[in-house]
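A short worksheet on the structure shown next.
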Amino acid sequence: MSDKTFVDTNVLIYAHDLDAQSKQDSARRILRELWSERSGVLSPQVLQEFYVNVTRKIKRPLNKPTARQVVSNYAIWCVDTTPSDISVAFRIEDEHRIGFWDALIIASAIKSGATRILSEDLSNGQTIAGIRIESPFVGAP
């Protein structure tokens, strides 16, 4: 079985953003692979951010029922966030001098057992708390 991969919000958004062009193709391919391998994980934070962004902030927003169905589909990938995970995020935030929300993504990835995080928001190639950060859109227009 493949290593677990934590998916950050931007990957989900691009998969459903009609104006994302090549990033949409890459995001869809990645998500299909993760479904096939049963190796994708994410957190409630990712699903919450996805919903708000695709229904309100992209150029051509999804309607709420469609966005809610996507959230429902990916709920099976969720690792719950607890107060203990928030404490881990505080430590990561301080030790690595990153924003709290990014630190919470990393704490959730740790909890899920992921070995990598796919994110456009974190530094590509960086390793934090033993988890490799990869931008799946490097080189995409």
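Scope of the values below: all heavy atoms of this structure, side chains included, with no hydrogens, waters or symmetry mates.
The closest donor-acceptor contact from the side chain of Asp3 to the backbone of Thr115 lies at 3.5 Å or more, if one exists at all. Ser112 contributes a side-chain N or O that, together with a main-chain N or O of Ala109, makes up a donor-acceptor pair within less than 3.5 Å. At distances below 3.5 Å, not a single donor-acceptor pair connects side-chain atoms of Arg116 with backbone N or O atoms of Thr5.
For Trp101, the CH2 atom is loosely surrounded, since the number of other residues' heavy atoms within 6.0 Å does not exceed 12. Counting non-hydrogen atoms of other residues, nucleotides and ligands closer than 6.0 Å to CD1 of Ile86 gives a total above 12.
When every heavy atom of Leu122 is checked against every heavy atom of Ser119, the shortest pair comes out as N-OG, 3.4 Å. For the residue pair Val79 and Pro44, the shortest heavy atom distance occurs at O-CD, 3.2 Å. Of all heavy-atom pairs between Phe50 and Ala67, the closest is CE2-O, 4.0 Å. Of all heavy-atom pairs spanning Ala103 and Ala89, the tightest one is CB-O, 3.3 Å. Minimum heavy-atom separation, Lys23 to Phe137: O-CE2, 3.5 Å.
Cluster membership for Ile98 and Ile131, using ILVMFWY side-chain heavy atoms within less than 4.5 angstrom, is shared.
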Exercise. Thr82 and Asp85: side chain to side chain donor-acceptor pair (under 3.5 Å), yes or no, with the steps?
Worked result: CA-CA 5 Å; Thr82 64; Asp85 301 321; 2.9 Å; yes

For this session: Could you walk me through whether Asp19 and Lys59 pass the salt bridge (charged side-chain N to carboxylate O under 4.0 Å, His left out) test, one step at a time?
Result: CA-CA 7 Å; Asp19 296 310; Lys59 187 175 180 179; 5.1 Å; no

